[in-house]
Structure formats: structure tokens, C-alpha cells
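By convention in this document, chain letters (A, B, ...) are assigned in the order of the sequence lines, proteins followed by strands, and residues within each chain are numbered from 1.
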Amino acid sequence: MHELPKQYDHKAAQARCRTLWDTHRLWHAEPEAGRRVYSVVIPPPNVTGALHLGHALNNTLQDVLVRTRRMQGFLTLWMPGTDHAGIATQAVVERRLLEEEKLSRHDLGREKLVERIWAWKEQYEKRILGQLRDLGASCDWDRVRFTLDDQCAAAVREAFFRLFQKGLVRRGKRLVNWDTFLQTAVSDDEVFHEQVKGHFWHIRYDVIDPKPGEPASVTVATTRPETLLGDTAVAVHPSPAAALDAAEAAVRQKRATASAKEQPEIDAQLDEFAARRRDLLPTLETLATMAHAGRQLRLPLLGRAIPLVADEWAKPELGSGCVKITPAHDPNDYDVGKRRSLPMLNILNPDGTLNAEAGPYAGLTMHKARKKVVADLEATGQLIQVEDRVIELAHSDRSKTPIEPYLADQWFIRMDELAQPALDAVTGGRVRIVPERYAKSYVDWLSEKRDWPVSRQLWWGHRIPIWHVTGVTEADLRQAFGDRATVAWRSDEVDGWFVCSSDESLATETIAGGQLTRDPDVLDTWFSSALWPHSTLGWPRQTADLATFYPTSALVTSRDILTLWVARMVIMGVFDTGEIPFSEVYIHPKILDRYGETMSKSKGNGVDPLDVIETLGADALRFALASMATETQDVRMPVEFQCPACGQLIEQTVQNRVKPRIDCPKCAKPFRTQWASVEADLALPRGPAVSEKFESGRNFSNKLWNATRFVLMSLDAAGGENDGPPVDIQRGLSDPVSLELADRWLLSRLASVTREATQAIDEYRFAEATRILYAFAWDEFCSAYLELSKPRLADPAHRHQAQTMLLVGLDTILRLLHPIMPFVTEEIWQHLREAAGDRRMPWDESDKPLPESLMVARWPVPPAAWIDPRTENQFGSFLAVVAAIREIRARQNVPPKTRLMVAIRAAGDVATLLDPMRPAIESMAAVGITALGPDASAPPAAATASAAGCDVFVDLADLVDIDAEIARLVKENEKTAGFMRAKQAKLADEKFAARAPEAVVAKERAQLAELEAKLARDAAALTDFRRRQASS
RNA sequence: GGGCAGCUAGCUCAGUUGGUUAGAGCGCUACGUUCACACCGUAGAGGUCACAGGUUCGAAUCCUGUGCUGCCCACCA
């Protein structure tokens, strides 16, 4: 006996499956000649923290692909690993250091800090990999890589060295986003803007020795008054009138196409232009002349003389028409400074305080300096006006502190040459981005070919392999390194030499008395990530792994790192190996909460995947995520707290999601959330954030489990009498024509469903694959096939056949669902294996025993001959008849136990078809059939229904509720008549008859005929009921 | 400012090249627990497909415009 518990136990199953897979290392891929290869590299999660739902989605989809290909017989590699995430990780560890020990990184020193971060990394890497395994990810766990491990480091050094050698690395001043807390430059992508209330200060700059007719001062406006300490000019447009004309013309142009609603605003702008032309333009013209003449202004507070310059950056249509220029602290001003050869005056120390250039303000923070500058300006009368204004203030994503634009020496990678092959790869179709629309942002971004600033003033990361040396000649260098292919040098941007080497040992060397000093900076994290597909496979060594698995097959990621990561992988992959790193990029949706906000720990609106795995199972999580991965849009996931005491779900709102404790509205007991910090709260049980979205996956697992219980119980019945012949699955199904209708139907459906699901997965339509399989397994296999197998199992003549077909159906479903729900399918498959032994499917290799695990069983490939639309159609008629009887039973409130008698009037061919299904109909609808054929007639007191061209008469005898039936028929007839009118009108329309395709017209006619028949039938029944009503 | 997407049942979403009486899951209503599964079954209610025009014999689907929501990029002295 195979007695299974009534409920599927996901915890036990998950543990068993992982042991099975791990024991046989079924996820491992070893290079092997002559096999089709499928390979994927994981987007390495940051070691900053635990995995969130987005990771769960990303990795579920990869696992679906990987498991499918593995079952299809590909040599399949999924490369796992984690990312050192330079800034993010260092920021987290530094913040903790400060909070817990009140120490800065400088207190600790470089070596000690890096040690601390490694310890952090070990802890989180372990946790992340554990979570991936809990999720069921079938990564090759023998190959776990880390972007900062020795192998990746060797690749980074080699790649950087090659770039340096080719002159693609350059050193330069650059205005960077300076994080004063972490004291490093951060990229634009690591900056977020936040709206804060600020001011707009109008400041007067006096003209030095104004001549008669010249203005004595100019007014400029700024949101950052303290930056005036670094001003090295004030700009005015060189030809204000022309610029104003051009600007006005642009606005008029816009007015021509603007909507009525926008018109007033534009008109106001035009009025503004007129006023400016009248009041401001003459002054600006004078100032432009003065600028050309090299006149100077007196910088307020510091008294420095600064030039008035003519530059197009100053817009006559904005503000006073003049703009202060602070080249070292504003990106646009920096450009002006470069164009006009202005001094670049850096007033900032790396820690965010002002330096000596700020004179009396030196030592103050920017914040304090602003207050003092404003106060002093007010005192000297040079503060003309202060407006309130909402400004967008840049913050560092990592330290959450305000960003200061700051001029610093940085390393850059020149993109002018590198970007082109990466552009061509996508525009030429060698790298296909799915969905296609995302290719546009990739191409747009790369087309700018902006240099990539790669240095970071951090300690956690790949140290840039460049050394600086002074006081030596090139001959000295040649003497020292001339015979080494791993060393290159340059002096064009520096006093002395920059020496680059892929060889770490350079660190200890000296040449000709000159000391090599290593650059203190590390590389942008994305540099090592850009090498991920080939570095993880062993590059620059020409390994068998690299030869076998590179280029990889697909990359699965989310769209926010399409440029940061994907584009750079293509660039570096092509540069290093000459080949694209992957041929397809699938961009999956983002998961948002019920309000459309991105989930994040800091908002408290996230769902922890582990909570779902714990409570509902990894398969439930995967099923839900896969079914949400639709092509067109991001997915919203309503989040609830689950009361740990009573299980009640409490909708998560903007209000309650930030509370440390919540009282359950049902059982009144309190529970804690992720915010709990005081002891009283921490002592409470935790209420996990969950979503009901995951429940259908859990329910589905249980459905499959119970279908299996049924199948296994039915196999036990094999101990009884069996008159029918045993069935050889591999040979016996090759000729489906000999089978009964239900079995032909099952095979046909299995073949269609396999085809559809396989194609959906091939095309990254995960939600559709999931839906197809769910609907088939539940509605067709369980609700229909399994139900109608019941009478057949009871019949010794049909038992063998029914048992075999149940096994074929269930086994096929398990294989198709395995990539999405690996645990429950494996667990069940093992039970089947135990109970039903070696039951190889037609697509299994006939000379080999069944494999030890579903994970490496063959993907179904049903013969095309199984597909039989006519049978599917016929079977549909059968189901419709059953549904019709059930409908009558329900609407007449007949208890399920009451056995009813029905007569089915059907045309000859339909009757022939339905006749063998008599036991099935009787069993599924709980009826007895008194007559089936063209002459079957309605018994008195019958309720009627029609389905698939048949009339179904259910003998209700004295059960019938005549009034209810009359009411229903009246309503029904109105409805039918309405449809008929619509159809008749349509068919009467000459244009429709003339222009619509014949097939459509024929279809409409057939439908009309059907409606007419139905109306006649129902009208007759109605008359009959009315007569009975009158007589009773 | 530029670009992209979305708006379909109470909620979350499907709806393939325009052709039925627009579907699913959850939720809701009624009935049902010997017979695989109450994490279930059977049946039901529930939609002017955001709005306005247009193309067409025919529009949720194609075109134009409007509104709202979200995302990306650029910029805001």
C-alpha cells in the first residue's frame, strides 16, 4: 500500500530533494565534447545583505530555464556567485563600525577595515547561497565564485592591463559626485535626488570701477550661496538678443502644437519675454560688451577680482541673465571653466569641510558655511532677495548623505572605440534583448559613448594595478621591465610615470632608485562585474570551461542595470575574448507593492522570500513569481502581515508598515515587525509580511500531491482482477487510434500542452507557461480525466489501461512542471518511482533505466501524431453534457446524493460518440441515463438544458420547482432572443455579407441556427411548465 | 524637457496577427464533508475593456487626441 498523508509536507520534501540532488551533484556540469550546451551566469547578488523578493524572481526564472534545458538534454551550467559590491558593502560595514564601536575607517586603517569586510562577506555569502539553495536554484554549487576572489582578480588585472596597453585608460580631472561620509566619488547611478525645501538667494556682485553708463553691479541667483567662495567668474551670454530671440522662437514653436490647457502658461512665458526684452536686454548687451572688454567684478565677502566672461551657458531668458561660475563644484560651470580657461578653485576638503581657499570660512562644513555666508552677505547688503524654493538635492545612495560636486583626479576608460562593437552586437541582432523595447535604452545610452570613470576612493575592491614612479627615465623602465609582457608604462598625463601591470609582484619592486607607489584607489564594482561571464569560466586562461560554456546562452536580469551591467559586460566580453558574452538578455519585471512602490527594506514593504518558503514552500513562491512574470508590465503584490497567533492577514498600509508592533484586529494579540527595537517589542512573536498571492501555488502543490495519492491508490487496485492486457507505455501508445476516446483525448492534450508550454518557456513567457500547465493539470487532468477514470478503474476490463494512462498523464505533468516547482514534482516522482517502478515514457531512452531524479529525466517530446483536434472537440461535447446536467442539479437545488435520471437527445453521430462515455457521464454527473439517441424524449416534469448540440432532459419528477423553472426559462428566452436579434441584424447587413470572410459569415449563421433551436426548445418547455402550473 | 510602459470584474492580472455572448486566480454568494484533495468540489453573481474621435462589414485589439498612474534618461544659475 502506498498510503500518503492527505497534505503535502513541503518542508520534509524540500530537505529530501536537496539531499538527493546534492548527493548526486545533479546540478554539476563538466565540459564534455559533442553535447549541446546551455549556460547561464547568475547576476551575482551583492554581499550587502540577504536576498529579497526581486532576487527570488530573478533566480526562479533562471532556474526554470536551466532546469528545462537540462531535462532537454543540454549540457547545462548555471554559474553561481556573489558580488563584492564595493561602495555598498563598505558603507554598510563602516556604518556599523561607527554605530557599534564609534570608530571611523581611518581609526581602523585600510588593512583592518578590509579584514572586517571580508568577515562580513563570509557571513552574508553563506546566507545568500543558503537562500538560493532554499529556493531550489540548481546552480553548479561546485563552482561558486566571488567577484573579488583570486580568479576574478586575475581577470580584472589582465583586462585592465590590456586596456592600459591599448591607451584606453586615461587619467583626468573630473567633477565627481563626492560622498563626504565615505570620502569617495560615487557614480551618477549611485546618487538619488530628494526634494527638499530650500532657498533661492539673489546676490549682488559689484563691478570694479564701472564706467559711466555701465551697471555698477550684476545680480546672480543660486541655491548654494556658499559656493560663491569658489567662484572664478560671472558669465553673461555673448549675444543676448539673439539668444533671447532663439529662446522665444522655440516657445512660439511649442505654442503652435500645445494643447488648449497649456496655452495660458505659454502665453505668460511670452509676456515674460517681452518684459525681458524691454527691461533687461539693454543691460545684458552692455554686460556682454564689458565681458568682451575683459572687465572684472568683485567677489563678495572674499573681495577677489573675478572676470565677467561671455559664455552661452548664461541664458538671457532665465533669472537675471547672469550666472556665477564655480568650476570646481558644478558640472555645468566646470564646462564653462574649461571653455573660458578659468581657474578651477576647489574649496572643499575630502571630508566635506571647507579648505584654506575659503579664507575665513575654512574648516566649516558646507552647511555651516552656508549660514555664515548668507549672514555676512546680509550684513554687507549684498543679499538682494531670498525666495523659497523646492530644490532637488543629490544624496549618496550608499551613505544617504548629501553629495558635493567635487573636482578630483580619476581614472577613466575611454568609450569611443569600445562602445561601438557593443552597439553593433545589439543593433545587428547578435545579442537579442527581450522584451525588445529595452534595446532602445541600451542603444541610446551606449551611443553617447561617455567615458567610464572607474576609480573609487575606497578600500574594498580591486585595487587599480597602476603604480606611480618619479625620477626615472624610460630607459630605466625598459631596463627593469623591458622583457616582461605584463608591464606597460606611460607618462603623458603625469609628472613621472604610470606603470601598469597585470602582475601583482610589481608591488615590491624598485627601479633605478625610484620607488613604485601604488595608486590607492580601487576599481568601480561594475568593472569586475563586467567580466563576470568570462572571468568565472577561467579567463584569461584558455580553460576547457571557457571553451565549452562561453559565450553563455542567456542573461536574466532586471532593467535597472541594463546599462550599468549588461552593456558593460558586452563591451568587456568583446574586448577581452572577441566574442559576445551571451546571445539573449531577458529583462524581467519588477515587483511592486500594492501602492505601486518598489519594495525595499527601508520602506518596510518587502516580503521576505524565506518567510514564504517557510510557511508555504519554495514551490509556492516560485509558482507565484513565475506566474507574475508577464511581458508587459511590472507586477503589484499586495502585502499582508500574518498574525503569528491566529494566522489572520492584516493588510499592509503606508501607516502600519513602519510600526514596530501591531495588534491583531482579530485575536487582539500583538506581534512585532522588522522595526522592533525596544526589548518589550522584541519579546513578541514576529508577524511575517506575506502575500496571499503565494497561496495558490501552495494549493496547487497540494492538488498535485492528492492527484498522486489517487493514482497510487488506484495502482494498488492492481492487486485485484485484471482482465485487460497490461500496457507497454513505450510501444503501446504509438498507435493512439486504438485507444478509447478519453485516452486519445489525454494524449492529444498532453502533446498540445507540452508543445505550448515548451514554446512559452523558449520565448521567456513564464507566466503563460505557468498558466497553461496549471489549467491543464487542475481543470483537465484532475477535474476531468481523473474523475472519469474512476468507473474505469472499477472495471477489471479497463483497469490496466486506465492505470497506465493515469501514470502517463501524471508523469508528463510532473516533468513539465518540474522547472517551475522542482520540489513537489521531485517528491511525487520519487513516490511514483517506488510504487510504479520503471515506467519509462515514450520519450525516455529505452535502453537505460529511469534516472535517479526527475531533475535529469527527459523533457517530454510527445509525437505529433498524438495531437488530434477532432478528439479534443468530441471530448469537449462530453464535458459540456456533464456540465449541463450539473447545472440543472444546481439550479433546482437537488442534493448531490439524489440520483437523477436523464435522457439525452443527440444526433446520430454525436450519440455514437457519447455512447461509450455513458458510464463516465453517469459517474461524473451522478445520474442514470435512460435514453441516449436521436429519439430520446423528454419525460414529464423534466428540466432541460442544451449543450454541444444535444438536449439534456433531467427527470425531476416531483422535485421540480415549476415556478423557478418558468422564471428561469422566461429570462433565458429573452436573453436568447436578444442574441438572435443581434445576429440577424448582422447577417442582414449587406456589407457584412459582402465583405466579411465566408468562414465568419458561416459561423454567424450556424450560431443563429443554434440559437433558434434553443429558443424553440426552451419555448416548448416553457409552455409545458405553464400548463402543469395551471393544472396543479 | 525627452523616452517607455500601463489603465480590462472588488483585488492582482491574461486576452497571440481586429471576427463567440471578453477570461483566470483570489475575494464574494449558495449548496456540499464515506468515496484523491475543504490547501477541496459543484454552481452562481460580478465588466460601457480610462475617455473622446477615427479607420472597418466588424475594435478591448489598429490610428489620432485627452486624462490619470508608474518607470527610465536629461536638466533645473
Side-chain angles (χ1 to χ4, degrees), chain A residues 4 6-8 188 200 220-224 227 234-235 254 259-261 313-315 318-326 330-333 389 391-392 435 437-438 440-441 444-445 448 559-560 562-563 590 592 594 596-598 616 620 624 627-628 630 632-638 691-693 695-714 765 767-768 771 774-775 779 782-783 786-787 790 883 886-891 893-897 925-926 975-976 978-979 982-983 986 989-997 999-1001 1003-1004 1007 1011:
Chain A
L4 264 46
K6 273 191 170 188
Q7 280 196 6
Y8 167 60
D188 291 345
F200 202 40
V220 299
T222 179
T223 55
R224 299 166 62 216
T227 60
V234 167
K254 193 180 157 197
S259 64
K261 195 184 149 193
W313 169 239
K315 306 276 188 271
L318 291 175
S320 67
C322 294
V323 58
K324 63 194 275 302
I325 302 297
T326 320
D330 181 280
N332 293 304
D333 293 3
R389 187 187 251 214
I391 51 176
E392 298 252 318
R437 68 189 124 96
Y438 292 115
K440 188 172 155 50
S441 40
D444 287 351
W445 184 82
E448 291 186 35
R559 70 175 112 73
D560 40 4
L562 181 65
T563 51
K590 293 179 73 144
L592 310 172
R594 80 170 72 225
E597 295 183 47
T598 52
L616 300 173
S627 62
M628 290 191 302
T630 57
T632 47
Q633 55 187 332
D634 291 341
V635 286
R636 289 196 189 200
M637 178 174 285
S691 177
E692 61 179 22
K693 286 263 164 194
E695 281 176 25
S696 63
R698 187 267 314 259
N699 296 351
F700 188 35
S701 297
N702 201 53
K703 187 73 178 179
L704 293 170
W705 179 255
N706 277 291
T708 306
R709 287 183 70 215
F710 174 81
V711 171
L712 294 187
M713 285 159 86
S714 75
R765 289 180 287 119
E768 198 173 346
R771 195 170 48 243
Y774 177 86
D779 299 335
C782 289
S783 296
L786 202 143
E787 285 305 323
K790 286 175 182 174
R886 284 172 172 174
E887 199 260 332
I888 291 172
R889 187 190 286 276
R891 81 178 187 233
N893 273 321
V894 180
K897 281 177 197 160
K975 217 165 131 189
T976 309
F979 290 142
K983 294 257 180 255
K986 197 170 188 179
D989 186 343
E990 287 172 18
K991 286 179 184 168
F992 174 72
R995 298 189 201 177
V1000 173
V1001 178
K1003 204 169 165 189
E1004 290 290 324
Q1007 281 167 356
L1011 287 169

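In the interface, the side chain of R437(A) is not paired with the base of C4(B) through any donor and acceptor atom under 3.5 Å apart. For A74(B), its base never sits under 3.5 Å from the side chain of E448(A) at any donor and acceptor pair.
The nucleotide C51(B) finds its pairing partner in G65(B), both defining distances of the Watson-Crick or G-U wobble pair being shorter than 3.5 Å. C4(B) is paired with G70(B) under the criterion used here, namely a Watson-Crick or G-U wobble arrangement in which both key atom distances are under 3.5 Å. Remark: G25(B) base-pairs with C11(B); criterion is Watson-Crick or G-U wobble with both hydrogen-bond distances under 3.5 Å. Pair check for U16(B) finds none; no Watson-Crick or G-U wobble contact set falls under 3.5 Å. Pairing partner, C40(B): G32(B), with both Watson-Crick or wobble hydrogen-bond distances short of 3.5 Å.
Nucleic acid contact for R224(A): none, since no nucleic acid atom lies under 4.0 Å from a heavy atom of the residue. Contact annotation for V1000(A): base contact, defined as any heavy-atom pair under 4.0 Å involving a base atom. T223(A) comes within 4.0 angstrom of sugar-phosphate atoms only, judged by non-hydrogen atoms across all strands, and of no base. Base contact: L786(A) has a heavy atom under 4.0 Å from a base atom.
Between the P atoms of C13(B) and A60(B), the separation comes to 22 Å (whole Å). The C1' atoms of G6(B) and U12(B) are separated by 14 Å, rounded to the nearest whole Å. When the P atom is used for both C73(B) and C62(B), the distance is 28 Å, rounded to whole Å. Between the C1' atoms of A14(B) and A24(B), the separation comes to 7 Å (whole Å). A gap of 26 Å separates the C1' atoms of A5(B) and C76(B), to the nearest Å. Taking atom C1' in both C7(B) and U48(B), the straight-line distance is 15 Å, to the nearest Å. C71(B) and U56(B) have their C1' atoms separated by 35 Å, given to the nearest Å. Separating the C1' atom of C39(B) from that of G25(B) is a span of 14 Å, rounded to the nearest Å.
The CD atom of E787(A) sits 11 Å away from the P atom of C37(B) (whole-angstrom rounding). Distance CD (E695(A)) to P (U12(B)): 17 Å, rounded to an integer number of Å. One interatomic measurement links the two molecules: NZ of K315(A) to P of C75(B), which rounds to 12 Å at whole-angstrom precision. Atom CZ of R765(A) and atom C1' of A24(B) are 17 Å apart (whole Å). Rounded to whole Å, atom P of C13(B) lies 6 Å from atom NZ of K693(A). Rounded to whole angstrom, the span from the CZ atom of F992(A) across to the P atom of G19(B) amounts to 13 Å. W445(A) places its CH2 atom 15 Å from the C1' atom of A74(B), with the value rounded to the nearest Å. In this entry the distance linking CG of L704(A) with C1' of A36(B) reads 12 Å, nearest Å.
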Working for side-chain contact (heavy atoms from CB on, under 4.5 Å), residues Q1007(A) and F979(A): CA-CA 10 Å; Q1007(A) 281 167 356; F979(A) 290 142; over 6 Å; no

Criterion side-chain contact (heavy atoms from CB on, under 4.5 Å) on I325(A) and W313(A), from CA distance to verdict: CA-CA 10 Å; I325(A) 302 297; W313(A) 169 239; 4.1 Å; yes

side-chain contact (heavy atoms from CB on, under 4.5 Å) evaluation trace for R698(A) with E695(A): CA-CA 5 Å; R698(A) 187 267 314 259; E695(A) 281 176 25; 3.9 Å; yes

side-chain contact (heavy atoms from CB on, under 4.5 Å) between D560(A) and K590(A), worked out: CA-CA 9 Å; D560(A) 40 4; K590(A) 293 179 73 144; 3.7 Å; yes

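For A883(A), counting side-chain heavy atoms from C-beta on, the closest listed nucleotide (C39(B), A43(B), U21(B)) is A43(B). Checking C37(B), A14(B), U21(B) against every side-chain atom of K6(A), the shortest atom distance belongs to C37(B). The R886(A) side chain lies nearest to A43(B) when the options are A43(B), U20(B), A36(B). When each of A36(B), C4(B), C37(B) is scored by its nearest atom to the side-chain atoms of F710(A), the top-ranked nucleotide is A36(B). Side-chain atoms of Q7(A) lie closest to C39(B) of the nucleotides G19(B), C39(B), C75(B). In the set A36(B), G25(B), U42(B), the nucleotide with an atom closest to the side chain of S783(A) is U42(B). Considering only the side chain of E692(A), C26(B) comes nearest among C39(B), C26(B), A36(B). Nearest nucleotide to the L1011(A) side chain, out of U42(B), A36(B), U21(B): U21(B). For E887(A), the side-chain atoms get nearest to A43(B) when compared with the rest of U21(B), C75(B), A43(B). Ranking A36(B), U12(B), C39(B) by closeness to the R636(A) side chain, first place goes to U12(B).
Using a 4.0 Å cut-off, no side-chain N or O of K440(A) falls inside it from OP1 or OP2 of C72(B). For K790(A) and A36(B), the shortest distance from a side-chain N or O to OP1 or OP2 is below 4.0 Å. For N699(A) and C37(B), the shortest distance from a side-chain N or O to OP1 or OP2 is not below 4.0 Å. Between C72(B) and S441(A), no contact under 4.0 Å exists linking OP1 or OP2 to a side-chain N or O.
For the residue pair T227(A) / K324(A), a side-chain donor-acceptor distance below 3.5 Å is found, with atom types taken as modelled.
Projected onto RNA chain B by closest heavy-atom contact, S627(A) and A707(A) fall at different nucleotides, the more 5' of which corresponds to S627(A). The residue among K991(A) and Y438(A) whose nearest nucleotide of RNA chain B is located toward the 5' end is Y438(A).
Annotation: cation-pi pair K790(A)/F710(A) present, NZ/CZ under 6.0 Å from the ring centroid and within 45° of its normal.
Between the side chain of N702(A) and the backbone N or O of Y8(A) there is at least one donor-acceptor pair closer than 3.5 Å.
The two residues S320(A) and V220(A) have their closest heavy-atom pair at OG-CA, 4.0 Å. The shortest non-hydrogen separation linking D330(A) to D333(A) is OD1-N, 3.0 Å.
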